[in-house]
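Below is one structure, written out as structure tokens; the observations come after it.
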Amino acid sequence: MLVRLGFRSLLFTKLHIRFFCSSQLHPMASLPELEPSNDADLISQLLLQHHNPFHSMESSLQLHGISLTPFLIHQTFLRLKHSSKIALSFFHYSLNCPHLHLDTTAFNLLIDNLCKVRQFDVAWQLIIQMDQKSVKTNFTTFYLLIRRLISAGLTRQAIRTFSEMHVFLDEQSEDQVWKDYFYYLLDTLCKYGYVKVATEVFNKEKWRLELNCKLYTILIYGWCKVKNIEMARRFFGELLDKGIDPNVVSYNVLLNGICRRASLHPNGRFDKVIRDAEKVFDEMCERGVEPDVTSYSILLHVYTRAHKPELSLEKLRIMRRKGICPNIVTYTSVIKCLCSCGRIEDAELLLEQMVSNGVTPTSATYNCFFKEFKGRKDVDGALRLYGKMMQGSLCSPSVSTFNILLGMLLKLGRIGLARDIWDDMKDSGAGPDLDSYTLLIHGFCEKQKWKTACEFFMEMIEKGFLPQKVTFETLYRGLIQANMLRTWRRLKKRLDEESITFGSEFETYHLKPYRR
DNA sequence: CTAGGGTTAG
């Protein structure tokens, strides 16, 4: 709503500014990655700990001999991704530093940060500031806004932002902007499940687009995602009607839609899915489009979901015979199938085979084994594999590896071991993440160790993780029941300091993670 | 992060 109200006047402002500063369109620059930086760690810690960062920052930076650089600012913003309020005040602080130039990336990071907590109007103000300070806006600036708007369900505002952003992007005509960037809008709408809206825009704007296979594939993907295979097929038909040749990606998207449409548990359903999938396979071949590794991986995944290890192995043989090399995805799917059917030995054999074929397992591959160990409550088996990974002969464990282990140990009441793993994880630098904290805290709550649970809850907030509502509620109920009112009040105070609430409006803050 | 497949968790 705020965006809509503010939009006209902001656009107007921009039109005036345009006469005075000419900026060139940057090439598509994405946001930087989180990189290790002790200085950025320190700065973000300082900011998170202090109530009023302005006072302490200057002297603290001097004390530690840190001078702010663009890189440091980017990294600090990345570390403040859960605390938009603090990020904003750090932004104002840096803005007032002489010699320091806030670049497009810094603005983009902050804009993303603000949009994440739905501060779209503040984000808009920043875009205006960028112009006033001659910091170039680029497509990323708007794409961040658009994606966050979509993920917050504000699709109309997103489309509007898209269709009017050409005003901000100099040296590109409106038509060019549509042609270059419409994929992003369509794709993002579909990825977040707003395929109806996507279809609507697509139909409305068709006239100015160069219709191609990619655009249709995005829409087909969208309909498949909302499990509407009929519509997916209809768009597939439209693609054919236009005389466009579908490629292997278009077919794979449709195939995947068919394969993961229904629950496979009643066996009859499984047979129908396989029949439908094979029909698409045949159609593909008739059109001269050869199924590739992905096509086979999609089928293998269905077998895995249906717990059909024999079929899975059989298909693997067939694809090899056809000269298609299974890759890490293919192998992991089959290994998962074998593991989840209790055939660990067979899975190990396949693992060896895969390695000898030159495909390197990832931690995700080993996690299939860990999951089965967890199901069997086989702590020794899990620890043996874990030991090998920690020794460094295999790949190193990921956060998920640690999390599976933690989940298992906590469930079995092996608290001591769980804490050892927790320390390993911290040392390795792979974690902890939101899930690790959630698991651990829930584990301690289960054991009624409220105080320890509370300590970790505080720690996760310090680190900038936003606890889930359930975690908060479990802890709250526990503390009240155990009559630990003092601990509760201390916790509540901390939450208030961080402006963290768990009211109903907060649920909308839980956004889907980026696609990588 | 201008189209597709697998692996994690509560």
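Just so it is clear, the structure is predicted and the values come from calculations on it, not from any experiment.
- For the pair L410(A) CG and dG10(B) P, the interatomic distance rounds to 10 Å; values are reported in whole Å.
- Note on ring orientation: taking the six-membered ring where Trp is involved, the planes of F235(A) and Y216(A) are tilted (angle from 30° to 60°).
- Residue Y184(A) places at least one side-chain N or O under 4.0 Å from the OP1 or OP2 atom of dT2(B).
- Residues from residues 275-282 of chain A that place a heavy atom under 4.0 Å from any atom of DNA chain B: there are none.
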Inset, instruction - Evaluate the criterion ring-ring contact (aromatic ring centres under 6.0 Å, His included) for residue pair Y181(A) and F162(A); output intermediate values, then yes/no. - result: CA-CA 9 Å; Y181(A) 300 128; F162(A) 181 87; 7.5 Å; no
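- Applying the 4.0 Å criterion to OP1 and OP2 of dG10(B), one finds that K469(A) has every side-chain N and O outside that range.
- More than 12 heavy atoms of other residues, nucleotides or ligands lie within 6.0 Å of CZ in R320(A), so this atom counts as buried by the packing criterion.
- Distances were taken from every side-chain heavy atom of K371(A) (C-beta onward) to each of dC1(B), dG5(B), dT8(B); the shortest belongs to dT8(B).
- Considering only side-chain atoms of A364(A), the nucleotide from dG5(B), dA9(B), dG6(B) that sits closest is dG6(B).
- Residue D292(A) places no side-chain atom within donor-acceptor reach of the base of dG5(B), judged by atom type and a 3.5 Å distance cut-off alone.
- Residues meeting the side chain to side chain donor-acceptor pair (under 3.5 Å) test with T199(A), sequence neighbours left out: W223(A).
- For residues 282-302 of chain A, the set of pairs meeting the ring pair (Phe, Tyr, Trp, His ring centres under 6.0 Å) definition, not counting sequence neighbours, comprises F281(A)-Y296(A).
- Taking the six-membered ring for Trp and the full ring otherwise, F168(A) and F142(A) have centroids separated by under 6.0 Å.
- Heavy atoms of I220(A) sit nowhere under 4.0 angstrom from any nucleic acid atom.
- Taking atom CZ of F162(A) as the reference point, atom P of dT2(B) lies 13 Å away to the nearest angstrom.
- Between the NE2 atom of H442(A) and the C1' atom of dG10(B) there is a distance of 7 Å, given to the nearest Å.
- The base of dG5(B) sits within donor-acceptor range of the side chain of S297(A), with an N or O pair under 3.5 Å.
- The nucleotide whose nearest atom lies closest to any side-chain atom of T332(A) is, among dT7(B), dG5(B), dA9(B), dT7(B).
- Within residues 397-405 of chain A, the residues approaching DNA chain B are S400(A), I404(A), by heavy-atom distance under 4.0 Å.
- Not less than 6.0 angstrom separates the ring centroid of F444(A) from the ring centroid of F457(A).
- When rounded to the nearest whole Å, the span between CG of L350(A) and P of dG6(B) equals 18 Å.
- If you take CZ of F139(A) and P of dC1(B), they are 15 Å apart, rounded to a whole angstrom.
- With distances taken from any side-chain atom of L439(A) to the nucleotides dA3(B), dG10(B), dG5(B), the minimum falls on dG10(B).
- Taking only side-chain atoms of H301(A), from C-beta outward, the nucleotide of dG6(B), dA9(B), dT8(B) with the closest atom is dG6(B).
- Screening residues 335-344 of chain A for salt bridge (Lys or Arg N to Asp or Glu O under 4.0 Å), with sequence neighbours left out, gives E310(A)-R343(A), R343(A)-D346(A).
- The side chain of N367(A) sits closest to dT8(B) out of dT8(B), dT2(B), dG5(B).
- Per the geometry, CE belonging to M319(A) stands 11 Å off C1' belonging to dG5(B), to the nearest Å.
- Annotation for R208(A): atom CZ counts as buried by contact number, over 12 foreign heavy atoms lying within 6.0 Å.
- The phosphate of dG6(B) (OP1 or OP2) has a side-chain N or O of R260(A) nearer than 4.0 angstrom.
- Here dA3(B) is the nucleotide among dA9(B), dA3(B), dG5(B) with the atom lying nearest to any side-chain atom of K191(A).
- Listed by first then second residue, pairs satisfying salt bridge (Lys or Arg N to Asp or Glu O under 4.0 Å) with a partner in residues 361-375 of chain A read E372(A)-R376(A), not counting sequence neighbours.
- Residue K336(A) places at least one side-chain N or O under 4.0 Å from the OP1 or OP2 atom of dT7(B).
- You'll find a donor-acceptor pair under 3.5 Å spanning the side chain of N247(A) and the base of dA3(B), going by distance alone.
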Legend entry - Derivation of the side chain to side chain donor-acceptor pair (under 3.5 Å) call for N327(A) and T330(A): CA-CA 5 Å; N327(A) 61 17; T330(A) 328; 2.7 Å; yes
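- Using a 4.0 Å heavy-atom cutoff across all strands shown, K374(A) reaches sugar-phosphate atoms only and no base atom.
- Per the geometry, CG belonging to D433(A) stands 11 Å off P belonging to dG10(B), to the nearest Å.
- Comparing dC1(B) with dG5(B), their P atoms sit 12 Å apart, to the nearest whole Å.
- At whole-Å resolution of the value, OH in Y181(A) and P in dT2(B) are 11 Å apart.
- Nearest nucleotide to the side chain of I218(A), out of dT7(B), dG5(B), dA3(B): dA3(B).
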